[in-house]
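Taking it in order: structure first as structure tokens, then the write-up.
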Amino acid sequence: MKEVLIFNIHATATERNIKTLIKKRIKGVFVDSLRVKNISQGNFIVSGPERFLHAIKMWFSGRQWHGRRISSFMFSEGKEITDLDDYKGRFLRYISMEREQEIRQITQEIKKLSKEERQRKGRCLFEMRGTYQGDVLGGFEYAFRKEENGELPETEFKPGDVITLARGNPLQFQNISGTCCGNRRFVLNVILQKKPAVNYLRHVRIDLFYNESTHERMENAVLALNEGSGLSDLLLGLKIKDSVDTTISINRKDELNDSQAKAIEGCLNAKRFFLIHGPPGTGKTLTLSNLIKYELKKGNIKILVTADSNTAVDVLSEKLLLMGIEVLRVGVSVKINKVILPHTLDMRVKGHKDNNKVMELEEELNGLKRELSEIRRPSQAIRRGLTSDDILKAIKKKRTIRGIAFAELNKMAAWAECSSRISSILNELVFTRQAIIGEILGESAVIATTNSNCASQIMRGLFFDLVVHDEATQATETSSLIPISMGKRFVLAGDHRQLPPTVLSKAASKAGYSISLFERLIKYYSDKSELLLTQYRMNEELCELISHSFYGGKLKTAEKVKSNYLDIATGISDKYRELFCAKPFSFYEVNGVEEQMKDSKSYMNRREAEIIGEIVSELYANKFTGTLGIISGYSAQKQLLRSVLSEHSGKMIVDTVDGFQGSEKDVIIFSITRSNERNDTGFLKDRRRINVAFSRAAKKLIVVGDKGIFDRLCGQVGLKKEFL
């Protein structure tokens, strides 16, 4: 069956409107044979006989609805994408499905849970008070603390997350929205879009909310695709010409191994795009940093460095800065440290030679606002809709206007003059700031920001010679479209054998939205990719397990980490002595009981948590000084483990598999959590999930749990038992 997605209709449209319009305007179409469904605000799917859908598409395309252009696309529900129309229809539908699911989950949770329950889940803070920190690009920064000045509970707030500020119901339309820009032990820093009233900064509630602008930016990226363009052909898997006349080679230095050098050469020689496949610990960040260094040697080149998350952008930005490559960091930085902070756009603006003028204008503006607050403001009824400039012009010409006597106009003169001056200074302030930002962006050869922020007002109009998209396998295809459409060439780096993009909508995920652009392109154009072959994280035995289980035995270990084993004191108790033997992998059997949390699909296992608590205590009692990570596939088990291990908090990291992607620790303890007679492994049977969990360890991997579950899991994910 084929469907037509009628997209970008004004939000006031209804399913009934659409059917009525079709009935009145399109001849030969039987409305009763059509199904119209509103999939999100202003987005509709019409399904029915194909012969009718073509007529509907032709009539709707390009027409206006309440001043807005309508776009319509035919798309199929088969596995393969047939044409650009099909591509747009599918992905616009996926975005709508994801938006609706995100809104549904957040609003339902806010309605269902008390503020105390939501705070325990890490998605809300209440009884907070805020203090103004200063103006920043994109709004006003505030620091929020608990009213009693206590430590903040553990939360999921991350820089870049959208938040809402409320004194009452967090779902009220008039609440103030903003962005988290820092989460520390006692303080949550946020950037608000407008300054709240003073009474709005006491006893307030802050909630994690959904980000509507990200969905809009992805929709715009899809809509902007043009038939026959190089990018559109790539997305459809069509054959492309990517030959070059010359072959660029680089000097093979000690810091780059052969596969890293080949990857860089592939990128330098690619006319349109190249893919770097980087398994765990293979130096993907080092490879990308050196690629950018070689690209800059060409001279007069502009490079965009991007990733889906602020954390990933910061990791690559910091590496480039430490290599001596100047980077402009645009947006919210997670790593507010001495390396990145001076290179943020906000700090560069503050250090600009013309910023003194901005400060003078701001000081004058604040003075005028104080002056205006002491002047009686004439009501709209008295002014009869006149602006301050209208009033001043009438006074200058000494005439009445709109029936207002000249004497009455004179009474408004002080207010009009002050208001007009404020308006003039505001305009000058905006113009000066934009000029400073424009100059900084124009002079910067390397700009780093997130995928979504590439479509922000600040970045508008910029075009790059090269886009370097890191962690591309963790971004949805529509997220990746935003940055790569801004450059002549692009490089995607990632590993499609680790975790895929996070997609909330199960229907969208099942339809293909959880497949990243990297994964699709490496399937179409495997010759435009390079696999990094040498890893620098795991000792040789752990690498053998990961290599043969997930990478066809191709992954090799660097000499310097081959014999990197756990070195621990000999005072281990008899109960756990065998667990800490020289063998890098150990399984500790626990006959626990899985429990499902109330009103949740998440699982926990108290016995496993208890045993892990003993193992951790044993480690630290025997002078273990390395890094330690505790991983579970389930958030409920994560919370239980954090409670059990609270006396050791600060020494280690306890998180889910998703939270550990990109990290590494000397020792990893993995809690299976599931334990049942059916040997049901749940969503742990995802190969990519186990790959991530097991490849975080550098020296020692300990798996704790039910043996029956583990044996079945090994078979499901293809773990090679001969290497265990």
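Just so you know, these numbers come straight off a predicted model, no measurement behind them. Numbering of residues begins at 1 and proceeds along the displayed sequence.
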Note to self: Just so I know, are the side chains of Glu471 and Ser309 near enough to count as touching, which here means a heavy-atom distance under 4.5 Å?
What the structure shows: no
Note to self: For the backbone of Asn226 and the side chain of Ser232, can you confirm whether one donor and one acceptor N or O come within less than 3.5 Å of each other?
What the structure shows: yes
Item checked: Asp83 (side chain) donor-acceptor with Asp86 (main chain) under 3.5 angstrom -> yes
Next item on the list: Could you tell me which non-hydrogen atom of Leu236 sits nearest to which non-hydrogen atom of Tyr524, and how far apart they are?
Entry: C-CE1, 4.3 Å
Notebook entry, point to check: Taking the side chain from Asp161 and the backbone from Cys180, do they hold a donor-acceptor pair closer than 3.5 Å?
Noted result: no
Item checked: Short side-chain donor-acceptor distance under 3.5 Å, Thr306 and Asn451 -> yes
Notebook entry, point to check: Should Arg93 and Ser96 count as side-chain neighbours, where that means a heavy-atom distance under 4.5 Å?
Noted result: no
Next item on the list: Classify the side-chain pair Tyr513/Thr478 by whether it contains a donor and acceptor separated by less than 3.5 Å.
Entry: yes
Check: Okay, side chain of Asn175, backbone of Asn169: is any donor-acceptor separation there less than 3.5 Å?
Finding: yes
Next item on the list: Determine yes or no for a side-chain-to-main-chain donor-acceptor pair under 3.5 angstrom, with Arg689 supplying the side chain and Val657 the backbone.
Entry: no
Check: Could you state the interatomic distance from CD (Glu50) to CE (Met74), rounded to the nearest 0.5 Å?
Finding: 5.0 Å
Item checked: Gln193-Ser177 side chain donor-acceptor pair, cut-off 3.5 Å -> yes
Notebook entry, point to check: Under the 3.5 angstrom rule, does the side chain of Asp314 hit a backbone N or O of Thr311 as a donor-acceptor pair?
Noted result: no
Next item on the list: Give a yes or no on whether a salt bridge exists between Glu109 and Arg118, defined as a side-chain N under 4.0 angstrom from a carboxylate O.
Entry: yes
Check: Say you draw a straight line from CG of Asp658 to CD1 of Ile631; how long is it, rounded to the nearest 0.5 Å?
Finding: 10.5 Å
Margin query: Going by ring pair (Phe, Tyr, Trp, His ring centres under 6.0 Å), name the pairs with one or both residues in residues 479-500, residues two or more places apart or in two chains.
Written below: Phe273-Phe490, His277-His496, His496-Phe518
Check: Taking all atoms of both residues into account, what is the closest heavy-atom pair of Leu53 and Gly48, and its distance?
Finding: CD1-O, 3.5 Å
Notebook entry, point to check: Can Ser452 and Thr214 be counted as having a side-chain donor-acceptor contact under 3.5 angstrom?
Noted result: yes
Notebook entry, point to check: Taking atom NE2 of His469 and atom OG of Ser480, what is their separation to the nearest 0.5 Å?
Noted result: 3.0 Å
Next item on the list: Taking Ser529 for its side chain and Leu275 for its backbone only, find out whether a donor-acceptor pair lies under 3.5 Å.
Entry: no
Margin query: A side-chain contact here means heavy atoms from C-beta on lying under 4.5 Å apart; do Leu165 and Tyr142 qualify?
Written below: no
Next item on the list: Identify the two heavy atoms, one from Gln474 and one from Gln661, that lie closest to each other, and give their separation to 0.1 Å.
Entry: NE2-NE2, 2.7 Å
Item checked: Side chain to side chain, Asn183 and Thr155, heavy atoms closer than 4.5 Å -> yes
Checklist line | Intermediate values then yes/no, side chain to side chain contact (heavy atoms under 4.5 Å, CB included), Ile110 and Thr107 | finding: CA-CA 5 Å; Ile110 289 174; Thr107 53; 5.8 Å; no
Notebook entry, point to check: CG of Asn211 to CD of Glu216: how many Å apart, nearest 0.5 Å?
Noted result: 9.5 Å
Check: So, do Glu477 and Phe91 sit near enough that their side-chain heavy atoms are less than 4.5 Å apart?
Finding: yes
Notebook entry, point to check: If you measure from the Lys or Arg side-chain nitrogens to the Asp or Glu carboxylate oxygens, is any gap between Arg99 and Glu212 under 4.0 Å?
Noted result: yes
Note to self: One thing to verify: whether Lys115 and Asp207 come together as a salt bridge, which I'm taking to mean a side-chain N less than 4.0 angstrom from a carboxylate O.
What the structure shows: no
Check: Where do Glu594 and Arg674 come nearest, in terms of heavy atoms and distance?
Finding: OE1-NE, 2.8 Å
Next item on the list: Using a 4.5 Å cut-off on heavy atoms from C-beta on, say whether the side chain of Arg25 contacts that of Thr20.
Entry: no
Note to self: On the six-membered ring of Phe73, is Lys88 placed so that its NZ or CZ lies under 6.0 angstrom from the centre and within 45° of the ring axis?
What the structure shows: no
Notebook entry, point to check: Judged by modelled atom types alone, do Thr450 and Asn310 share a side-chain donor-acceptor pair under 3.5 Å?
Noted result: no
Notebook entry, point to check: Which atoms form the tightest heavy-atom contact between Pro501 and Thr476, and what is the distance?
Noted result: CB-N, 3.7 Å
Check: Does some side-chain heavy atom of Leu466 sit less than 4.5 Å from a side-chain heavy atom of Val491?
Finding: yes
Note to self: Suppose we screen for salt bridge (Lys or Arg N to Asp or Glu O under 4.0 Å). Which residues come up paired with Asp85, at least two apart in sequence or across chains?
What the structure shows: Lys57
Check: Given the side-chain rings of Phe683 and Tyr634, with only the six-membered ring counted for Trp, is the space between their centroids under 6.0 Å?
Finding: yes
Next item on the list: Could you tell me whether a side-chain N or O of Ser456 sits under 3.5 Å from a main-chain N or O of Asn453, the two making a donor and an acceptor?
Entry: yes
Margin query: If the threshold is 4.0 Å, N to carboxylate O, is there a salt bridge linking Lys488 and Asp465?
Written below: yes
Check: Short question: side chain of Arg205, backbone of Ala166 - any donor-acceptor pair under 3.5 Å?
Finding: no
Note to self: Using a 3.5 Å distance criterion without hydrogens, assess whether the side chain of Ser516 forms a donor-acceptor pair with backbone atoms of Glu519.
What the structure shows: yes
Check: To the nearest 0.5 Å, how far apart are CG in Leu113 and CZ in Arg123?
Finding: 8.0 Å
Next item on the list: Flag the pair Asp686 and Arg688 as a salt bridge only when some basic side-chain nitrogen lies within less than 4.0 angstrom of an acidic carboxylate oxygen.
Entry: yes
Notebook entry, point to check: What do the steps show when you test Gln637 against Tyr603 for side chain to side chain contact (heavy atoms under 4.5 Å, CB included), and what is the final call?
Noted result: CA-CA 6 Å; Gln637 183 73 347; Tyr603 288 87; over 6 Å; no
Check: Does atom NZ of Lys23 have more than 12 heavy-atom neighbours, drawn from other residues, nucleotides or ligands, at distances under 6.0 Å?
Finding: no
Check: Is any side-chain heavy atom of Tyr94 closer than 4.5 Å to a side-chain heavy atom of Glu98?
Finding: no
Notebook entry, point to check: Nearest 0.5 Å, what's the CD-CG distance between Gln105 and Leu504?
Noted result: 5.0 Å
Next item on the list: Return the minimal non-hydrogen interatomic distance between Asn679 and Asn676, and the atom names on each side.
Entry: N-OD1, 2.8 Å
